[in-house]
Student: 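This is the structure I have questions about; it appears just below.
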Number of protein chains: 2
Amino acid sequence: MSIEKVARLAGVSTATVSRVLNGYAGVRPATRERVLAAIAASQYQPNLLARQLRTAQSRMLLVLVSSIINPFCSRVVRGIEAEAEAHGYHILLCNSDSQPQRESAYLALLSGKIVDGVITMDAITNLPGLRQMIGDSPWVQCAEGDPDAEASSVTIDNQQAAHEAVAHLAQQRRRRIAMINGDPRYLYAQQREVGYRAALKVHHLSWSGVEYASDVECEAGYAAMARLLDRADPPDAIFAVSDVLAVGAIHCIRQRRLRVPQDIAVLGFDGLPWSAMLSPPLSTLEQPMQQLGVRSVQLLLQRIRDPRAPHIHEQLSCRLVARASSQLVPD
Amino acid sequence: MSIEKVARLAGVSTATVSRVLNGYAGVRPATRERVLAAIAASQYQPNLLARQLRTAQSRMLLVLVSSIINPFCSRVVRGIEAEAEAHGYHILLCNSDSQPQRESAYLALLSGKIVDGVITMDAITNLPGLRQMIGDSPWVQCAEGDPDAEASSVTIDNQQAAHEAVAHLAQQRRRRIAMINGDPRYLYAQQREVGYRAALKVHHLSWSGVEYASDVECEAGYAAMARLLDRADPPDAIFAVSDVLAVGAIHCIRQRRLRVPQDIAVLGFDGLPWSAMLSPPLSTLEQPMQQLGVRSVQLLLQRIRDPRAPHIHEQLSCRLVARASSQLVPD
DNA sequence: CTGTTAGCGCCTTCAA
DNA sequence: TTGAAGGCGCTAACAG
């Protein structure tokens with residue numbers, strides 16, 4: 001009844017009010033003024049639900065994230081948010097904690113027309129009923145891209161990145177390079193492990209050791225490191241798949257009276273700002289976090305505008321930042 | 001046209017379909033079966049927009065955050081998300097970066113009926129037109145509570161917490177205790193500064209020094225620390241309003257060949273898990289981050305269910321965790 | 001330039 | 001137990 005109230009107040013039809021509301025040309029200035037005055041007088045606020053129902057678009061994007069407390073994710077999300085906002089879109093955030101039922105509950109919003117598209121950062125490719133839930137709705141995978149999925153993706157070359165990481169450690173004359181990996185259900189974890197193993201081979205390193213962190217918190221990195229140090233033949237270098245896990249690993253190493261990097265070199269992943277300010281400064285593989293989010297939104301909007309647009313698999317480059325935690329002497 | 005399609009397929013009316021959809025009693029089992037079959041056969045998905053328009057509730061909550069990359073915020077948001085989800089609500093995330101225009105753009109979703117209520121973690125009390133935008137919609141302030149605002153709030157006692165922080169440092173025989181504060185537009189920053197100054201007085205410390213970080217990243221902590229060290233009479237202890245800022249401060253101290261805690265003691269705020277794993281382990285004031293989010297949602301839902309429910313100002317307690325960064329000998 | 005009209009898809013009395 | 005019908009508030013043809 002609201003647009004109607006305004007219409008009555010201004011002595012025009014609802015169509016005219018709608019026209020000024022949406023800035024359409026073809027309204028006499030005098031009429032426009034009258035409508036504007038009525039809007040102001042009545043403190044009218046358009047009912048967005050009604051508008052969205054009518055126009056069949058919500059200008060909302062669903063973002064499915066495994067864990068927002070993972071600083072990598074939160075930075076990507078900020079990129080997503082900023083770019084979405086710049087295009088007049090809002091984001092609905094789902095923190096799935098990798099629980100399939102939570103993921104699918106949110107995906108229902110997609111088929112329910114609440115959102116115009118979805119960006120997933122979660123390992124959901126194997127979600128049962130995924131195809132049906134997403135249908136052919138616009139979908140972009142961010143940081144976690146399955147080339148076989150019918151979706152665009154924005155990722156880094158995880159395999160190559162892991163390869164670089166190992167190469168760097170090998171170059172520091174490390175022979176027993178271990179990996180602290182994430183949840184192996186994630187593609188990024190699988191891909192980085194492939195890269196890790198391939199690099200070991202290239203560098204003729206026969207020792208290998210992979211431990212999986214139980215979650216993304218530093219305590220998990222600590223625990224994984226403890227398991228590695230408990231081995232009969234412990235590592236002399238660590239490649240951790242996140243800076244946070246690396247912090248935990250370093251703490252564990254220190255507690256055992258070992259030194260970083262003299263006894264054990266440590267290399268992280270992500271390139272969070274504070275990695276440079278740790279002691280020792282943490283070497284890391286820097287990802288373009290903000291940009292991963294930004295490009296995901298761009299690809300998604302492209303697809304929303306033209307549903308027949310082809311799927312694109314984009315890879316952003318990352319950069320090894322060598323600091324004191326992985327080398328005795330700076331380059 | 002969709003519920004209608006199902007209705008035709010099942011040979012019933014749309015009303016009946018709606019009834020089984022919403023689980024209302026009074027549908028003959030046989031009929032229900034037929035409808036269910038039709039729903040399955042047609043892969044029907046209810047249009048949530050239409051439903052929300054009709055029922056005038058969206059089961060969505062708006063969360064207005066200054067910066068999701070602030071780990072404190074992201075943990076509170078996770079608490080919000082979890083609790084909301086448990087009650088069948090979804091959250092719309094707005095990362096305002098403290099820009100009033102972004103805040104008000106999102107607040108329009110409130111008056112536009114897109115969300116049923118709002119939780120703000122931002123310093124928005126002075127937003128022009130705030131009252132009108134929020135109207136009497138359900139609103140809870142989280143971690144940043146203005147007792148004068150017509151809204152419930154869930155906070156900690158910032159003044160008391162800062163007092164404790166300073167008391168701890170004073171107890172370590174520190175005489176020149178400086179504060180690295182956040183953006184002074186925030187109430188938490190103002191309140192903690194009041195607590196800081198009050199505590200100095202109580203402990204008969206005449207030296208005082210406050211520097212404001214330009215944002216929430218560690219680089220800002222570094223810069224603030226640099227300014228403090230450039231003073232003629234530099235501090236011998238630092239009270240930083242976040243763990244992240246403390247990391248930057250410590251890095252700066254170290255770069256100047258000073259030691260933590262021997263030369264300068266450092267105390268952070270928030271109690272992020274990795275604060276315990278830094279070197280030296282960071283003393284900090286631990287906040288109940290998850291719980292701040294959870295309680296905010298509970299208060300908000302209460303208000304949504306009963307709009308006449310009174311405003312509640314709740315204070316959660318926090319805890320000083322003394323570690324090596326602030327004391328030469330453990331307690 | 002402006003008004004009339006017809007839905008968007010759903011829920012919900014009111015009757016039957 | 002079921003169906004018919006109205007309307008949530010808005011936009012978009014189509015007339016005038």
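Residue numbering restarts at 1 for every chain, and letters A, B, ... go by the order of the sequence lines.
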Student: Are N95(A) and E81(B) close enough that a side-chain donor and a side-chain acceptor fall under 3.5 Å?
Tutor: no

Student: So, does T31(A) get its side chain near the phosphate of dT2(C), meaning an N or O under 4.0 Å from OP1 or OP2?
Tutor: yes

Student: Whole angstrom is fine here: how far is it from NZ in K5(B) over to P in dC10(C)?
Tutor: 11 Å

Student: Is it possible for you to check whether R59(A) lies under 6.0 Å from the centre of the six-membered ring of Y89(A), through NZ or CZ, and within 45° of that ring's axis?
Tutor: yes

Student: Rounding to an integer number of Å, can you tell me how far N22(B) CG sits from dG9(C) P?
Tutor: 17 Å

Student: Counting only non-hydrogen atoms, which of residues 47-59 of chain A are less than 4.0 Å from DNA chain C?
Tutor: L53(A), R54(A)

Student: Rounded to whole angstroms, how far apart are OH on Y24(B) and P on dC10(C)?
Tutor: 14 Å

Student: What is the distance, to the nearest angstrom, from the CD1 atom on I3(B) to the P atom on dG3(D)?
Tutor: 13 Å

Student: Using heavy atoms to find the nearest nucleotide of DNA chain D for Q45(A) and R19(B) separately, return the residue whose nucleotide is more 5′.
Tutor: R19(B)

Student: Between E217(B) and R75(A), is there a side-chain N and carboxylate O pair less than 4.0 Å apart?
Tutor: yes

Student: Given atom CZ of R8(A) and atom P of dG3(C), what is their separation to the nearest angstrom?
Tutor: 14 Å

Student: Under 4.0 Å between a side-chain N or O of T16(B) and OP1 or OP2 of dT2(D)?
Tutor: no

Student: Would you tell me whether Q141(B) and S153(B) have side-chain atoms, one donor and one acceptor, within less than 3.5 Å of each other?
Tutor: no

Student: Any side-chain heavy-atom pair from T16(B) and T31(B) closer than 4.5 angstrom?
Tutor: yes

Student: Verify whether one side chain among T155(B) and Y188(B) offers a donor that lies under 3.5 Å from an acceptor in the other.
Tutor: no

Student: For S18(B), report the nucleic acid contact type (base, sugar-phosphate, nothing); a contact means any heavy atom under 4.0 Å.
Tutor: base

Student: Is it the case that the side chains of Q298(A) and E83(A) hold a donor-acceptor pair, with the cut-off being a distance below 3.5 Å and no angle test?
Tutor: yes

Student: Enter the inter-axis angle for the ends of the helix from dC1(C)-dG16(D) to dA16(C)-dT1(D) (five pairs per end, rounded to 10°).
Tutor: 40°

Student: Within the 3.5 Å criterion, strictly below it, is a donor on D122(A) or S66(A) matched to an acceptor on the partner's side chain?
Tutor: no

Student: With a sphere of 6.0 Å drawn around CG of D306(B), does it hold more than 12 non-hydrogen atoms of other residues, nucleotides or ligands?
Tutor: yes

Student: Which nucleotide sits closest to the side chain of T14(B): dA4(D), dC11(C), dG3(C)?
Tutor: dC11(C)

Student: Can you tell me how far P of dT11(D) sits from CD of E4(A), to the nearest Å?
Tutor: 14 Å

